Amino acid sequence: MKIGYPCINWSIGCKGNRTFRLKSYSEERLIETVENNLNCLEKILEFNVKNNILFFRISSDLIPFASHPICSFNWQSYFKKKFEKIGKIILNNNIRISMHPDQFIVLNSKDNTVVERSIAELDYHTQILDFMRLKYNAKIQLHIGGGYGDKNTSLDRFVNVYDNLDDNIKSRLVIENDDNIYMLNDCLFISEKIHIPILFDYFHHLIYNDNENIDYCLKSILKTWDKKDGIPMIDYSSQRIGKKSGSHAESLDIQDFKNFIELSKSYDFDIMLEIKDKEKSAIKAVKMVENDIRFKNNQL
DNA sequence: TCACGTCAAGCAGAT
DNA sequence: ATCTGCTTGACGTGA
C-alpha cells in the first residue's frame, strides 16, 4: 500500500501548478511557467521519496492551456528531456502516479463541443504520462459526468463516447464514484460494459451509496483492475467538521483513518488522501501505517 | 506590498 | 437568479 496526496506541496516553497491568465498568453510565458512547474514537480517527488510518500497526483495545470486552441507551441518536444528525467525518477523509485482532470471534462455531455474539448484535455493528460514513459498503472481518474435528469441515457452516452476514444487514452482512464449522481453501483454497471477500472472514493461513497458495505465495495472494484493497471487506487477523505457535507477535512483524522485501514486490511490498494494540508497528513498517515505494520510484526 | 475581483471550460444542488 | 463546490486558490490590476 502506498500513500499519497494531490497536486500541491505546502512546505517545499514552490508550486507545480502555476498558471496565468489566457489574456496574458505568450509562448515565453508558457515556457517560463512550464519550466517552473516541471522543476517543482521534480522537487516534490524528491521530497516525497525522502518521506516515503510513493503516490502522487500530478496537477492538470502542469502545462497551462495545453488543450486550448491558443496553444500551438510544441511543448512535447521542447520539454522532452525533462519529461524523461522526471519519468525516470518516478520509475526508479517505483512511484505511483495519478491525474484528475477537472470538472469541465464531461465525456457524456449533451453538448458535442464540450465532449470534443474534454477528449482534447484527456489527450493532453495522456501525453504527459506517455512522455514520462510511465507504465499503464499511472492513471487518469474521471467522474462519469452529468445526469441530465435521465441517468440511463446519460450512462449510455458515456459508454458510446468511451468506445470511440483512442486506445492510449483508454489504457489510462479509470472512473470514480461521485457524491451525488453516479455511485459505485453505477460505475460497476459501466465497468461491466466497457471493462474499465474503478477508482473507489471512500468519502464520496459514505455520502452517496446503496448501503453496500466496504468489503463489498473493495471486493467488486478489485476485479476491475487488470494486472497491467496495477493495484486499485482509492481516494480517501473525511468530513471537515462544521462545514457542509462533502467538504474535505483540514487535516487527517488519524483515528478515522486507522478505522478505515482496519476495515480494509484484507485488500491491497494505493490510497490518495484528499486532505487540505496535503503532505502533512500524508506523512502522518505513512508513519501510522509503518507503526501499524511493526506492531503487527511484533505480535507474530 | 497588498486587497480583492476575477479567472477557459460544466453541472447539480442550495440559497 | 445567483452562488458554491468540485481535486485546488492563484493571477494580476489598481491603489
Side-chain angles (χ1 to χ4, degrees), chain A residues 4-10 13-26 29-30 32-33 36-37 40-41 44 55-71 97-125 139-151 154 157-158 161 174-183 186 199-204 207-208 233-240 243-250 271-282:
Chain A
Y5 63 96
C7 305
I8 294 169
N9 179 306
W10 292 114
C14 72
K15 290 282 172 66
N17 61 334
R18 261 184 51 197
T19 182
F20 50 86
R21 296 287 171 254
L22 181 57
K23 261 200 271 186
S24 45
Y25 183 94
S26 71
R29 189 69 191 271
L30 180 73
E32 177 204 321
T33 306
N36 166 84
N37 287 349
C40 185
L41 174 59
I44 290 175
F55 188 18
F56 187 68
R57 182 183 298 163
I58 295 175
S59 168
S60 296
D61 277 334
L62 193 67
I63 322 281
F65 304 106
S67 75
H68 191 280
I70 202 172
C71 179
I97 293 292
S98 67
M99 297 187 81
H100 194 338
D102 66 27
Q103 62 269 35
F104 310 105
I105 309 325
V106 185
L107 284 184
N108 75 346
S109 175
K110 289 176 134 171
D111 180 344
N112 201 42
T113 62
V114 172
V115 177
E116 280 170 13
R117 276 204 304 268
S118 298
I119 293 173
E121 183 74 356
L122 287 183
D123 186 50
Y124 148 66
H125 282 73
K139 294 301 185 189
I140 301 166
Q141 62 188 92
L142 194 64
H143 294 293
I144 291 161
Y148 308 94
D150 179 0
K151 263 170 70 173
S154 302
R157 245 189 345 269
F158 182 92
V161 172
V174 305
I175 50 173
E176 174 188 358
N177 58 304
D178 63 57
D179 62 0
N180 64 335
I181 308 170
Y182 296 104
M183 63 172 83
D186 298 313
L199 188 153
F200 178 58
D201 188 312
Y202 171 66
F203 187 47
H204 285 162
I207 294 168
Y208 185 51
M233 294 174 172
I234 305 275
D235 278 359
Y236 172 92
S237 188
S238 48
Q239 177 63 37
R240 181 171 172 194
K243 287 280 178 170
K244 64 175 264 189
S245 166
S247 298
H248 287 168
E250 287 288 318
I271 182 161
M272 177 63 62
L273 302 179
E274 295 184 330
I275 307 280
K276 302 264 183 198
D277 68 3
K278 307 287 181 184
E279 77 282 358
K280 211 171 141 195
S281 282

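Just so it is clear: chains get the letters A, B, ... in the order the sequence lines come, proteins before strands, and each one is counted from 1. The figures here come from the full heavy-atom set of this structure, side chains too, leaving out hydrogens, waters and symmetry mates. Fair warning: this is a prediction, and the values are worked out from it, not measured in the lab.
- Rounded to whole Å, atom P of dG9(C) lies 5 Å from atom NZ of Lys276(A).
- The distance between atom NE2 of His125(A) and atom P of dA9(B), rounded to the nearest whole Å, is 17 Å.
- Comparing the same atom, P, in dG5(B) and in dC3(C) gives a spacing of 12 Å after rounding to whole Å.
- Within the 4.0 Å cut-off from OP1 or OP2 of dG12(C), not a single side-chain nitrogen or oxygen of Lys23(A) is found.
- The CD atom of Gln103(A) sits 11 Å away from the P atom of dA9(B) (whole-angstrom rounding).
- Across all strands shown, Thr19(A) has heavy atoms under 4.0 Å from sugar-phosphate atoms exclusively, and none from any base.
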Trace of the side-chain contact (heavy atoms from CB on, under 4.5 Å) decision for Asn9(A) with Phe56(A) | CA-CA 10 Å; Asn9(A) 179 306; Phe56(A) 187 68; 5.8 Å; no
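- Among the protein residues, Ile70(A) comes within range of no part of the nucleic acid, since none of its heavy atoms lies under 4.0 Å from any strand.
- The side chain of Glu121(A) lies closest to dA8(B), out of dA8(B), dC11(C), dC11(B).
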Pair pattern of DNA chain B in dot-bracket, where unpaired bases get dots and | marks partners in another strand, Watson-Crick or G-U under 3.5 angstrom = |||||||..||||||
side-chain contact (heavy atoms from CB on, under 4.5 Å) between Glu176(A) and Met233(A), intermediate numbers included | CA-CA 10 Å; Glu176(A) 174 188 358; Met233(A) 294 174 172; over 6 Å; no
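- Where stacking is scored as ring centres under 5.5 Å apart with planes under 30°, Phe104(A) does not register as stacked on the base of dG10(B).
- The closest side-chain donor-acceptor pair between Ser237(A) and Glu274(A), if any, does not fall under 3.5 angstrom.
- Residues Leu22(A) and His68(A) have side chains in contact (heavy-atom distance under 4.5 Å, counting atoms from C-beta outward).
- Nucleic acid contact class of Tyr148(A) (heavy atoms, under 4.0 Å, all strands): sugar-phosphate only.
- Evaluation of the disulfide bond (SG atoms under 2.5 Å apart) rule for Cys40(A) yields Cys14(A) as partners, not counting sequence neighbours.
- As judged by a 4.0 angstrom heavy-atom cut-off over every strand, Ser109(A) is placed among residues touching the sugar-phosphate backbone only.
- As rounded to the nearest Å, dC6(C) and dC4(B) have C1' atoms that lie 23 Å from one another.
- Ring centroid separation for the pair Phe203(A) and Tyr236(A) does not come in under the 6.0 Å cut-off.
- With distances taken from any side-chain atom of Trp10(A) to the nucleotides dA9(B), dG10(B), dG9(C), the minimum falls on dG9(C).
- For the OP1/OP2 pair of dG12(C) and a distance below 4.0 Å, the side-chain nitrogens and oxygens of Arg29(A) include at least one atom meeting the criterion.
- At least one test fails for Arg29(A) against the ring of Phe65(A): distance under 6.0 Å to the centre or angle within 45° of the axis.
- The distance from atom NZ of Lys110(A) to atom C1' of dA12(B) is 14 Å, rounded to the nearest whole Å.
- Counting only heavy atoms from C-beta on, Arg18(A) has its side chain closest to dC11(C) among dA8(B), dC11(B), dC11(C).
- Arg21(A) comes within contact range of at least one nucleobase, with a heavy-atom separation under 4.0 Å.
- Among the atoms of the strands shown, only primed sugar atoms or phosphate atoms (P, OP1, OP2) are found under 4.0 Å from some heavy atom of Ser24(A).
- Using a 4.0 Å heavy-atom distance criterion, Gly145(A) is classed as making no nucleic acid contact.
- In this structure, His204(A) atom NE2 and dA12(B) atom P are separated by 16 Å, rounded to whole Å.
- What separates CG of Asp179(A) from C1' of dC6(C) is a distance of 8 Å, to the nearest Å.
- At a cut-off of 3.5 Å, with distance as the only test, a side-chain donor of Asp235(A) or Gln141(A) sits close to an acceptor on the other residue.
- One P atom belongs to dA8(B), the other to dG12(C), and the distance between them is 9 Å to the nearest Å.
- At whole-Å resolution of the value, CZ in Arg157(A) and P in dG10(B) are 15 Å apart.
- The gap from the P atom of dT8(C) to that of dC2(B) amounts to 27 Å, rounded to the nearest Å.
- Distance CG (Asp123(A)) to P (dA9(B)): 21 Å, rounded to an integer number of Å.
- Ser67(A) comes within 4.0 angstrom of a base, heavy atoms only.
- In this model, no donor atom of one side chain and acceptor atom of the other lie less than 3.5 Å apart for Asn36(A) and Glu32(A).
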